[in-house]
Every structure is written in structure tokens, then in C-alpha cells.
There are 2 protein chains.
Amino acid sequence: MATIQEVAKKAGVSAATVSRVLNNRTTVTEKTRNKVDQAIKELNYEPSVLGRNLRNSESRLLLVLIPSISNPFYTKIINGIEDRAIEQGYNILLCETDSNPKRETIYFNLLKNRLADGIILMDPTVNQESLLELASSHPIVQCSEFDENEIISYVSIDNELAAYHAVRHLIKLGQEKIAFINFNENFLYARERRRGYERALKEFGLEIESNWIYNTTQLGFENGQQAMRKLLNQNNRPTAVFAVSDVLAIGALKEIQSSGLKVPEDIAIIGFDKISFSNMTHPTLTTIAQPMYQMGVLSANMLIKKIKGDQVENMILDHELIIREST
Amino acid sequence: MATIQEVAKKAGVSAATVSRVLNNRTTVTEKTRNKVDQAIKELNYEPSVLGRNLRNSESRLLLVLIPSISNPFYTKIINGIEDRAIEQGYNILLCETDSNPKRETIYFNLLKNRLADGIILMDPTVNQESLLELASSHPIVQCSEFDENEIISYVSIDNELAAYHAVRHLIKLGQEKIAFINFNENFLYARERRRGYERALKEFGLEIESNWIYNTTQLGFENGQQAMRKLLNQNNRPTAVFAVSDVLAIGALKEIQSSGLKVPEDIAIIGFDKISFSNMTHPTLTTIAQPMYQMGVLSANMLIKKIKGDQVENMILDHELIIREST
DNA sequence: CACCTCCATGAAATCGATTACATTTATGTT
DNA sequence: AACATAAATGTAATCGATTTCATGGAGGTG
């Protein structure tokens, strides 16, 4: 890798002039500019982000923290973030945290160290304290998950209302025995959706049956299968299931079919997220759609604004009930 | 963010001594070390990766370049890479290239600029020339995809043989009209698997029917559906399908069922990759399993060795035929 | 032609850390 | 006590780029 010094030497100018050419400063003669451009080409020179940042503290890199890349829910959000970021001259780096505080800290430090200009966080933070400290001095935006005391800017949906709509849909179809497959309640969305589930039941005068609520520890298909197996083994079986994620819903669907029951005739299912696979199952899955791509775009927008020092406002986007064959 | 100078001042020592404490040099008194540690804690100091790298050219960061995060094939590989990298004190950053040369260049430059110590590449490189140049001076390992003239180290499987096994499996079940849904042949694996498909047909005396070979432009479920629709609309319909990816196979499966046909009775299907979804379909999907996690682990191993200057050898891993309900 | 202004360019400081080398301090030996 | 030696610490150069300030030269004006 050539350095700015070598380019300067080759072009017969000083490093300062090369830097001016690189940054399109106006005060460079056409002639000098050409000499420098020539030298840059010949040496195949690329400026070092390291040297540049050290001086300027700007890297034009954004970090996107997600708990797990295997969850298809995040892919569209990330597409939205990427499209917008690239449009604005930023690049993104994906960081999988596995919801592990140590990994999270490492990525937080990359921001502190100015290796990145900002973070979009989709993890329910494990270390609340260090997050708040970081957010007080660095640009951070939360997407989907957020801090309930609203210190950090966020883009999300109304999870409680969305869950309420999902369950109301089942109730209006005549369902009265509705189970709920939820995920780890460390996630804000899990807590909120549970509230929505309970609110709908109460509002329509249905009992909340704790045996019908099952929290999985992970978000794999197998976890949905396991949950459903537990529900099917009960004496008083539910006749409908609301799963907090399509992945869990699809696992549940598979389990129901394996046990010889029919969906939606014997048991109706509704999922959440509208992942692309939810349209490939047989029957296709009724679900709640989040505007994932848009959430990504808006998060990126918000973060870039913050980096530039502008004020931003939190956003709650609309969801949509997608009725398909499973209910 | 505190700097090393401020810590030094607070502790009443020089920056050099602080640096020695940070890097566990032996030549520091217990007493001084304590003073420094104390100062570090009080100021909440974290060393800047920027300053450090500029001097040392070491960041302990690895870049992983993938074409698209939405392809579940990559998730397990990435898990393998991550586990091994973390074990060795490295962190990884995921870069989605979208197979876009510009994006690729940006990430290549991060390596040139020493923001990262090495790259694991899973994209069929768009800009061959710049890749080879980069590889001549920086640690790069290719995983799954690789350069056929073997200049760059790689970890992969024998795609031709795997495809041959898949098709042979169908033939042995009595199938004679076998279609092939392939992906963009920019990908080496697509070219190799096609060769395997053709070799199997020839070997068992079956004609290669060009109407039965369909190349998709993307790797979504919809693309599998489209391809299958085309195949079903022909006068001389195939009775079996080999899809180069489970995602395409699942799309094809859905399309067959929508048209009222039965799998495997009317049309048998075999996929490739053994993604977790492939066990959730009805019927479950016969497929070829790649040792994805292990590929990740070995790639990470190989890259770290390269970074340390060790010699490495290319690796071809074994695949496995997973027979399930769809054949 | 003398003087002033303005523009292009260079010299040197700077960012935050590491490290070779120099210097000081402590320890041991006779 | 005097000296040799080893250990601890400080000084200053360094990495690669940017930027402030200084400088030299071109061009304009009276």
C-alpha cells in the first residue's frame, strides 16, 4: 500500500497538496491536480481510513447490531438500512451479538474508538448502563426493540396493538381457546405482545389460561414444534394459536400436522412478521406484517441525522393483518 | 473519551508506562501498575483501536463477505467462523456485497487500510483482478466459492460430485425425466453442479434435455416457483427435479402442490444445502447436506493461520445425501 | 517599477497509541 | 562506600492523513 508521502514524492509536491487533491479543495491548480492524479493512479494509492479518522474522527461506517442473523425478520430491515446508508455515502457492518454482553461491549467499543460513526441497535440491550452511557455521547438509534424510558431514539411498531389485533382476529372467527407461543420476555416486543394478547382476551370476556402460554428460549422451528407438542399434550387443548414469530408458528404448524390434525379446521394459527417462508407453507400462514424495509430506511435516516447533529423524533409505524389460509 | 495522555497525567507517569501496563509488559512495578489501573478505571479509559492500529497494523477484526444475508445457507457457516474467531481473540464483521463490485471494493479497501486483518470471501468475486492483487499482499480465504486456478486458499466441497450423487439418487429410484433448477452460473458451484447433473445423466444413458434446465436470477422462493411453473407448462413434463438450493426446491415444491400434483408421487424433488426450513415442509425435503458449520470453523482457522504467516492447504470437505419424504 | 493582494503550495503540528533508546533509580557485590 | 549491573521509567520518533499557518510567486494598480 502506497502512502500519501510516496504519492507526494512521485508527483513532486508535498503531502499537504495531495491531501487537498483528495478532498477536492479548490485551491489546487489544474496542472498540479493532474500530476497528483497521475501519481495516485500509477501507485494504485488508496487513502488509509485509519490515518484519516485519527485526525478527523469520521469513518463513514455504521454498525448494525442484531442478536442473530438466522432470524429472517432482520434481513429486510437490513436491506432498508443498507439502501439508505449507501445512498448517503455510508457503509454498514453487521455485528451478530448473540445477545452476549461481551460481544456487545466489543462492538460498543468500536464506536467509542471512532471506528464507526454510529450504531443501529436491534438487540434488547443486555448492559443497560453501558448503553445509556454510550448513547449520551455517541449517535445510537434503536430499531424494533427500544428502551422504555425513551432516552434513546427509536423506530418501532405498536407491538401491543398488533398482538391485540392478531388475537381479536381469532376471536372474531369464533375461537375461544387461544394459546400463545411467546419468546423470551427479555425482549420488549415479547412483553408488549403478551400484554396485547391478554388485553384482547379480557376485552372479549375470555379467561387467561396460564397453561396455554408458552415461552420459548430460542427462535428456531424446533422451538415452535416443542411448544406445540406441550400444548397438544394437555387435556384441555387450545383450538387456536397465536405465535409471536412466524418461525415459531411454522414449527407449530408442522407439529400439528405431524400429529394428524388439520389446520385451520382443528387448530387455527396466526404468526407474526410475514417472513417470506410464511407464504410457502401449506396452508399459507396468516400473520401480522411489519413494515420492515421501511423501518430500516427510517432507522438509517435517523442515525445519519443524529451523526450530523440534527434533532430527531421517535417513530411508531403501522402494522397490517395478513389473512391467509391458516385461520 | 479519555486518551492515554490523560491517564498518564492522572497517574503521574508517562504515556509509555501506561501503554506498558495496557499491554502487560513485565517491566512495571506493582505499585505503578496499581496507580495506572486506578487512573484507567476513574477515567473510564478504553484504548483507541485507531491509534493502536496505525502503529501496529493489527486490529483483530475479520471481515466476512457474503452476497446476501437472506440466504440461510450462510448462517451456519458464519456461526462456525464466529465461534472459532472469538476463541482466537478475533471479532468478525459481516459485509453484505449484493454481488456488487463497488461494495466489494469498499470492503477490500477496509482490509488494505488495515481496518481489518483478513477476509473470508463467500462471493464469486466480481472483480477478479483486484481480488488477486489484494490476495497477493493480504490474508484472504475463500469459502464455498473459489478461484479455479487455485491462487487463493479455500475451503469447499466437491460440488460436481455432490450434484452427481443427488441425480444418481433420483435415477436409482427409477426417474428418467429429471429437470434441473440452477442458479446464476457466475457462481462456481452452479457451474460445477451442472457438470455433475450432466455427468450423471450421461453415465446412465439419459438424454440431456435443454428445456429441463432452468437458471434463476435470484435465490428466493418465488424464483423456485417461477422456474417450476415454466417446467410444468411444457408438453413433455419432467417427473423429478433437482434444485441447486433448498430455497429454490421449496419454491418448486409449493408450485407443484398449488397445481394439484403430489410430491413425490407425481414429481420427486431433491434440494441442496439442508437448510433448517427443509425439514419443515410437507413432505420434508430430500437434500444434500454440506458441513456448513465445519466449513466456517475451518475457514476461520485457515485465515488466522495466514494472518500469522503460516502456510495453509486447501480443503475439500465431504457432503452427505439426506433422504427424506420428497423422493 | 514599486508595492499590494491573492492564490498556490509547503512546513510542521496534530490525532492516540507503541516502542527503541536514553536515563534514572534500585539492588547487589566486594 | 564505591562501583557494576539490572530494573523501571521517561523521551521522542513513528504510523498516515489533515489542517493551520507561513511563504513565495504571479498578477494588478498607480
Side-chain angles (χ1 to χ4, degrees), chain A residues 1-40 43-61 109-117 137-138, chain B residues 1-40 43-61 109-117 137-138:
Chain A
M1 253 345 253
T3 73
I4 201 171
Q5 313 291 344
E6 302 174 59
V7 174
K9 200 171 165 189
K10 179 142 212 151
V13 298
S14 74
T17 303
V18 177
S19 172
R20 281 187 270 257
V21 171
L22 288 171
N23 296 284
N24 277 317
R25 292 270 168 282
T26 44
T27 61
V28 183
T29 328
E30 194 58 27
K31 211 172 111 191
T32 338
R33 183 181 298 273
N34 289 337
K35 275 195 300 184
V36 172
D37 282 337
Q38 180 67 19
I40 289 176
L43 291 174
N44 222 329
Y45 167 77
E46 295 272 357
S48 156
V49 181
L50 244 44
R52 176 174 288 174
N53 291 14
L54 186 54
R55 189 64 218 262
N56 294 1
S57 359
E58 190 198 49
S59 63
R60 302 220 138 229
L61 249 30
N109 282 340
L110 292 185
L111 181 58
K112 283 192 188 169
N113 294 337
R114 319 223 185 113
L115 255 172
D117 292 349
S137 50
H138 295 269
Chain B
M1 260 336 260
T3 73
I4 201 173
Q5 312 292 344
E6 301 174 61
V7 174
K9 197 170 166 191
K10 179 141 210 154
V13 299
S14 74
T17 303
V18 177
S19 172
R20 281 188 270 258
V21 171
L22 287 172
N23 296 284
N24 278 318
R25 294 269 167 285
T26 44
T27 61
V28 182
T29 329
E30 193 60 27
K31 211 173 113 191
T32 341
R33 183 180 296 274
N34 288 338
K35 272 194 301 182
V36 172
D37 282 338
Q38 179 69 19
I40 288 177
L43 292 173
N44 223 325
Y45 167 78
E46 296 271 356
S48 157
V49 181
L50 245 42
R52 174 174 289 172
N53 291 15
L54 188 54
R55 189 64 217 260
N56 289 1
S57 5
E58 192 198 50
S59 63
R60 301 220 139 230
L61 250 28
N109 282 340
L110 291 185
L111 180 58
K112 284 192 187 166
N113 294 338
R114 322 226 182 109
L115 254 171
D117 293 349
S137 50
H138 296 268

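These values consider heavy atoms only, across backbone and side chains, with no hydrogens, waters or symmetry-generated copies.
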(message) When you compare the side chain of B:Val18 with that of B:Val13, does any pair of heavy atoms fall below 4.5 Å?
(response) yes
(message) Please report the end-to-end axis angle for the helix from C:dC1-D:dG30 to C:dT30-D:dA1, five pairs per end, rounded to 10 degrees.
(response) 50°
(message) According to salt bridge (charged side-chain N to carboxylate O under 4.0 Å, His left out), does anything in residues 1-10 of chain B pair up with another residue at least two apart or in another chain? List the pairs.
(response) B:Lys10-B:Glu42
(message) Within the 4.5 Å heavy-atom criterion, are A:Asn109 and A:Leu115 side-chain neighbours or not?
(response) no
(message) Closest approach to the side chain of A:Ile4, judged atom by atom: which nucleotide of D:dA8, D:dG10, D:dT18 is it?
(response) D:dT18
(message) For a quick check of understanding: with a heavy-atom distance under 4.0 Å over all strands, which category does B:Ser14 fall into, base, sugar-phosphate or nothing?
(response) base
(message) Given D:dG10, D:dT18, D:dA17, identify the nucleotide with an atom nearest to the side chain of A:Ser48.
(response) D:dA17
(request) Check whether any side-chain N or O of A:Asn23 sits under 4.0 Å from OP1 or OP2 of D:dT18, and answer yes or no. (result) yes
(message) Checking B:Ser48 now: which residues fulfil side chain to side chain donor-acceptor pair (under 3.5 Å) with it, not counting sequence neighbours?
(response) none
(request) Can you sort out which residues in residues 5-13 of chain B have a heavy atom within less than 4.0 Å of DNA chain C? Ascending by number, please. (result) none
(message) Can you measure A:Arg20 atom CZ to D:dT20 atom P for me and round it to whole angstrom units?
(response) 11 Å
(request) Report the residues that fulfil side chain to side chain contact (heavy atoms under 4.5 Å, CB included) with B:Asn23, sequence neighbours left out, ordered by chain and then residue number. (result) B:Ser19, B:Arg25, B:Arg52
(message) Side chains of A:Leu61 and B:Leu110, heavy atoms from C-beta outward: is any pair under 4.5 Å?
(response) yes
(request) Report the residues that fulfil salt bridge (Lys or Arg N to Asp or Glu O under 4.0 Å) with A:Lys35, sequence neighbours left out, ordered by chain and then residue number. (result) none
(request) Please tell me which of the listed nucleotides, D:dT18, D:dG10, D:dA8, lies nearest to the side chain of A:Leu22? (result) D:dT18
(request) Anything under 4.0 Å to a heavy atom of chain A counts; send over the first and last such nucleotide of DNA chain C, read 5' to 3'. (result) C:dA8 to C:dG16
(request) Look at B:Thr29 and D:dT9 and indicate whether a side-chain polar atom (N or O) is within less than 4.0 Å of OP1 or OP2. (result) yes
(request) Would you indicate whether the side-chain heavy atoms of A:Val36 and A:Tyr45 approach each other to under 4.5 Å? (result) no
(request) Please report, rounded to the nearest Å, how far the P atom of D:dA7 is from the NZ atom of B:Lys31. (result) 19 Å
(request) Check whether any side-chain heavy atom of A:Glu30 sits under 4.5 Å from a side-chain heavy atom of A:Asn34, and report yes or no. (result) yes
(message) I'd like to check the side chain to side chain donor-acceptor pair (under 3.5 Å) partners of B:Thr32; sequence neighbours left out, ordered by chain and number.
(response) B:Thr29
(message) Restricting to side chain to side chain contact (heavy atoms under 4.5 Å, CB included), what partner residues turn up for A:Asp37, sequence neighbours left out?
(response) A:Val21, A:Arg33, A:Ile40
(request) Check every strand shown and say whether B:Ser19 touches a base, only sugar-phosphate, or nothing at a heavy-atom separation below 4.0 Å. (result) base
(request) Determine the contact category for A:Val28: base if any of its heavy atoms lies under 4.0 Å from a base atom, sugar-phosphate if only primed atoms, P, OP1 or OP2 are that close, otherwise nothing. (result) sugar-phosphate
